[in-house]
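Okay, structure first, notes after.
We name chains A, B, ... by the order of the sequence lines, and we start the count at 1 in each one.
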Protein chains: 2
Amino acid sequence: MSLPHAILTALLEKPSSGLELTRRFDKSIGYFWSATHQQIYRELGKLEQSGFIRALPSAAPARGQKKEYEVLPAGRAELAQWAAAGQDPKPMRDPLLLRMRAAAVIGTGGLRAELERHLALHRAQLATYHGIETKDFPPERDSEQDRLRHLVLRGGIELETFWIGWLTEALGTLGDERMGEEPPREEPPREERSEK
Amino acid sequence: MSLPHAILTALLEKPSSGLELTRRFDKSIGYFWSATHQQIYRELGKLEQSGFIRALPSAAPARGQKKEYEVLPAGRAELAQWAAAGQDPKPMRDPLLLRMRAAAVIGTGGLRAELERHLALHRAQLATYHGIETKDFPPERDSEQDRLRHLVLRGGIELETFWIGWLTEALGTLGDERMGEEPPREEPPREERSEK
DNA sequence: GGTTACATGTAACGGGTTACATGATTTC
DNA sequence: GAAATCATGTAACCCGTTACATGTAACC
């Protein structure tokens, strides 16, 4: 149940319309949460029905007309309660690590190019975040809000750094061998040792 | 569409029943993919219907009776194709970073304890992974399969290390101030600079 | 025979993804 | 007035989550 709270947070920072929210989720909000415009409109409807937000009176409720929303006190309370509640970290689920494990069984054909592509993407993302960091968080500023937001951005930066490091490591490991398309010679299907 | 391929990978490593798969997903497979038994049974049915796997003939198809599956050639081909295809990294979506950003707006009440709890969980997970690493990947062994699997485990280890580092950083940042329950003094809702 | 562990499912719900639909505004 | 852009939606599908259901085997 995180999307509604992501929207509440974004609207508290600045009242917006659905499309404006979509753009913000594609940019600065994207380094901790992502959402499509379909999700956002669906969720804005629910949040309004629940009394957590309301459309600003100036906006005409017609299709094709901009509609701006702001957070109501009930919405702020809901967000505060959610943010303070205990939530366990979600179990891991990463397709790239999975594909690497699959490659261990069926062979590494084509994976190398894919790793290099991902590496480039993560490097680009990291550069973007560094850009945001120098622009938005110069050393002198340090209000509470700024320090916390900077911390969140640091999370994004460190995650990208992790990926760059791991992908580099992976390319090094793959590089040690001839680039075979064939699956590895069939070893006897030995037990997985760590599962006994 | 990763779950079916996770199951194919697991079954190639060792033919198993639904419950055995569930246990494996809770243990060593868990450091790159997670799944519940309900997901697994549902998916095993689909994979069998698609002709990617089959139940070993020895097993009686009755409720409450163990049913073991193995991968058919079509399944291996499907997995190989999927693993080699291009897939973009998924956009980020992390509830804890989101809660931190929410805290920047509504105040940090209760978050500190939550960060410490997560820190302990990640430390425990890292210790588990290190245990697997020393047990399953001693320095002398280095077949192709072992090197790739070790790489995947390294991914899990480095991710946990990232979280431990970030959470420590976060606790330090929170620690710098009096632990207030009150939201930060209302600043004028200034523009978000990086979204212009 | 009652309880516990093993083993395989069903059903309902909600969020995320993709494709498509429709109205309003600006630009050429 | 045709095209592009802005803006708000609808619909269908799949995956993940939660709760519940049912049958078998072992143990006491």
Whole angstrom is fine here: how far is it from [atom1] in [X] over to [atom2] in [N]?
| X | N | atom1 | atom2 | value |
| --- | --- | --- | --- | --- |
| B:I40 | C:dC6 | CD1 | P | 16 Å |
| B:I7 | D:dC15 | CD1 | C1' | 12 Å |
| A:L3 | C:dT17 | CG | P | 10 Å |
| B:L19 | D:dG23 | CG | P | 18 Å |
| A:D26 | C:dG16 | CG | C1' | 15 Å |
| B:K90 | D:dG16 | NZ | C1' | 14 Å |
| B:H37 | C:dA11 | NE2 | C1' | 13 Å |
| B:L21 | C:dC6 | CG | P | 16 Å |

Of the listed nucleotides [options], the one nearest the side chain of [X]:
| X | options | answer |
| --- | --- | --- |
| B:T36 | D:dT17, C:dT17, D:dA25 | D:dT17 |
| A:K66 | C:dG16, C:dA7, D:dA7 | D:dA7 |
| B:Q65 | D:dC15, D:dT24, C:dA19 | D:dT24 |

Could you tell me if [Y] and [X] have a donor-acceptor pair between their side chains, going purely by distance under 3.5 Å?
| X | Y | answer |
| --- | --- | --- |
| B:R93 | A:S2 | no |
| A:R149 | A:Q145 | yes |
| B:Q87 | B:W82 | yes |

Parallel, tilted or perpendicular: ring planes of A:Y31 versus A:Y129, cut at 30 and 60 degrees: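 Answer is perpendicular, since the angle exceeds 60°.
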
Is the phosphate of [N] approached by [X] (side-chain N or O, under 4.0 Å from OP1 or OP2)?
| X | N | answer |
| --- | --- | --- |
| A:R23 | D:dT5 | no |
| A:K67 | D:dG9 | yes |
| A:Q39 | C:dG15 | no |

Report yes if some heavy atom in the side chain of A:L72 is under 4.5 Å from a heavy atom in the side chain of A:F52; otherwise report no.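 Side chain of A:L72 against side chain of A:F52, heavy atoms only: no contact under 4.5 Å found.
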
Which residues, if any, of residues 41-54 of chain A bring a heavy atom under 4.0 Å of DNA chain C?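 A:R42, A:K46, in order of number.
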
Please determine which of A:E68, A:R24, A:R23 meets the side-chain hydrogen bond (donor to acceptor under 3.5 Å, both in side chains) test together with A:S16.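 That would be A:R24; it is the only one of A:E68, A:R24, A:R23 passing the side-chain hydrogen bond (donor to acceptor under 3.5 Å, both in side chains) with A:S16.
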
My understanding is that a pair needs two contacts under 3.5 Å, Watson-Crick or G-U wobble. By that rule, which nucleotide pairs with C:dT8?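 C:dT8 is paired with D:dA21.
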
Paired nucleotide for D:dC27 [Watson-Crick or G-U wobble; both distances under 3.5 Å]: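 WC or wobble partner is C:dG2.
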
Check against salt bridge (charged side-chain N to carboxylate O under 4.0 Å, His left out), A:K90 and B:D94: CA-CA 9 Å; A:K90 294 274 161 203; B:D94 185 88; over 6 Å; no

Just verifying a value: how many Å separate B:R123 CZ and B:H118 NE2, rounded to the nearest 0.5 Å?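 So the gap between those two atoms works out to 14.0 Å.
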
A:Q38 vs B:Q38, nearer the 5' end of DNA chain C by closest nucleotide: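 Between the two, 5'-proximity favours B:Q38.
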
Under 4.0 Å, counting only non-hydrogen atoms across every strand here, what does A:S2 touch: a base, just sugar-phosphate, or nothing?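 Answer is nothing: A:S2 stays at 4.0 Å or more from every strand.
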
